[in-house]
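Working notes, beginning with the structure itself.
In listed order, ligands and their atoms are each counted from 1. Atom set for the values below is all heavy atoms of this structure, side chains included, hydrogens, waters and symmetry mates excluded.
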Amino acid sequence: MSAQPRVSPAPSAKPAPGTGAPTRPKVTLSTLAGKKALGEPVVMVTAYDYPSAQVAEAAGVDMVLVGDSAAMTVLGYPSTVPVSMDEMIMLASAARRGLSTPLLVGDLPFGSYEASNELAVASAQRFVKEAGCDAVKLERGGSSIERARAIVEAGIPVMGHVGLTPQSATSLGGYRSQGRTAERALEVIEDAVALEEAGCFSIVFEAIPSEVTDLAMPRLEIPIIGIGAGPAADGQVLVFHDLLGIYDGHAARFVKRYGRVREAMIEGVSAYADDVRERRYPAPEHGYEMSPDEAERLEALLSGRSG
Ligand code: KIV
């Protein structure tokens, strides 16, 4: 492996580790607010490990979310619910090592914040202290509004998440779009306003009709990041494995595929398997050599032992 610069927590601009990407200033909460003021779209993507974070860095995104979608995309769980705080910390730490510039957000997993403000603050602190995250995200309105306020008061920036909130998919009637009735849409907008009042710096709107986003936007000052919430949001987020075509599970309607990486990976591993089976790999250039003298001496040593 080649030597690569280490990621440091310094807020100064520096090159993306191992990517050769040009230096750009570190994204802060003020950068995001500035983008909103200028009407510049904010780009967010998920990443869950060192190589995916390096890709996000090289692509120049503004925010990286270590989403609990990792439960399904990288850990193979059937939903986001089972992933633990320890697992999320491990993934977020790896992502941190691949990033210099984007704002890094750790997604509080199910069960790590709902029970009390103390639990929520302790979990958020783990993301910051152990994994080097800049901020955390939590789902829903309701009791999450109070949890968001407590985490913000503890000095950690919080991102909200309303609409389809996968951690509570069962009570929402499954993985379905939200806010299609006026009453439910009102709840989504009221939750968003309450999360902003609690101090959130941004909110994810997931799987809601564009009309709801259009009506919510004038009521909110913080950047709104949409995923299946229409074009009016201040920015967009997609799951890394969905957008690159790495994950072969069901894709929601809002997913646009920008690559077929899974197919490329299967092709590569199959070609390797064929080469091994046909003895085409390894070829001479993949091996190491011993000088004829040393080989001769070895043979002599071996025959001395067996004789
Ligand atoms: O976990 C996740 O990836 C998310 C995004 C879809 C916003 O919450």
Side-chain angles (χ1 to χ4, degrees), residues 32 41-49 52-53 55-56 61-85 87-92 94-95 102-114 123-124 127 131 133 135-141 144 148 157-169 172 175-179 188 191-192 195 200-208 213 222-230 233-244 246-247 249-258:
L32 301 174
V42 174
V43 182
M44 176 156 133
V45 69
T46 68
Y48 319 101
D49 58 16
S52 59
V55 167
V61 307
D62 302 305
M63 274 196 277
V64 166
L65 171 68
V66 182
D68 64 354
S69 49
M72 299 167 80
T73 56
V74 301
L75 299 178
Y77 291 121
S79 76
T80 60
V81 168
V83 68
S84 69
M85 196 59 206
E87 287 168 321
M88 290 300 296
I89 291 289
M90 198 263 282
L91 300 173
L103 193 92
L104 180 61
V105 183
D107 206 3
L108 288 163
F110 182 70
S112 72
Y113 62 95
E114 300 87 338
S123 299
F127 267 121
C133 287
V136 297
K137 177 170 87 58
L138 45 62
E139 291 191 5
R140 296 186 306 111
S144 293
V158 178
M159 178 175 230
H161 183 161
V162 298
L164 173 57
T165 47
Q167 292 175 8
S168 38
L172 295 176
Y175 292 90
R176 47 186 355 153
S177 61
Q178 298 294 307
V188 169
D191 282 344
L195 284 163
C200 287
F201 71 93
S202 175
I203 302 174
V204 169
F205 277 17
E206 179 164 352
I208 57 172
T213 307
I222 55 177
I224 299 307
I225 309 299
I227 174 163
D234 300 300
Q236 299 291 327
V237 56
L238 275 178
V239 166
F240 188 87
H241 289 58
D242 284 341
L243 85 91
L244 288 178
I246 302 174
Y247 182 63
H250 165 77
R253 176 204 286 230
F254 51 72
V255 171
K256 179 171 176 187
R257 297 240 192 257
Y258 291 87

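- By the ring pair (Phe, Tyr, Trp, His ring centres under 6.0 Å) test, Tyr48 pairs with His241, sequence neighbours left out.
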Hey, what polar pairs (N/O, under 3.5 Å) does ligand 1 make with protein?
from: ligand 1; atom 1: 1 (O); to: Asp68; atom 2: N; distance (Å): 3.1
from: ligand 1; atom 1: 1 (O); to: Asp68; atom 2: OD1; distance (Å): 2.9
from: ligand 1; atom 1: 1 (O); to: Ser69; atom 2: N; distance (Å): 3.0
from: ligand 1; atom 1: 1 (O); to: Ser69; atom 2: OG; distance (Å): 3.3
from: ligand 1; atom 1: 1 (O); to: Asp107; atom 2: OD2; distance (Å): 3.2
from: ligand 1; atom 1: 3 (O); to: Ser69; atom 2: OG; distance (Å): 2.5
from: ligand 1; atom 1: 8 (O); to: Lys137; atom 2: NZ; distance (Å): 3.1

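- Within the structure, side-chain hydrogen bond (donor to acceptor under 3.5 Å, both in side chains) contacts touching residues 70-79 (residues at least two apart or in different chains) are Tyr77-Glu87.
- At least one side-chain heavy atom of Met88 sits less than 4.5 Å from a side-chain heavy atom of Val83.
- A distance-only check finds no donor-acceptor pair linking the side chain of Glu206 to the backbone of Ile227 [under 3.5 Å].
- When the side chain to side chain contact (heavy atoms under 4.5 Å, CB included) test is applied to Ser123, the partners found at least two apart in sequence or on another chain are Met85, Leu108, Ser112, Leu119.
- Side chains of Asp68 and Glu139 form a contact here, defined as non-hydrogen atoms less than 4.5 Å apart.
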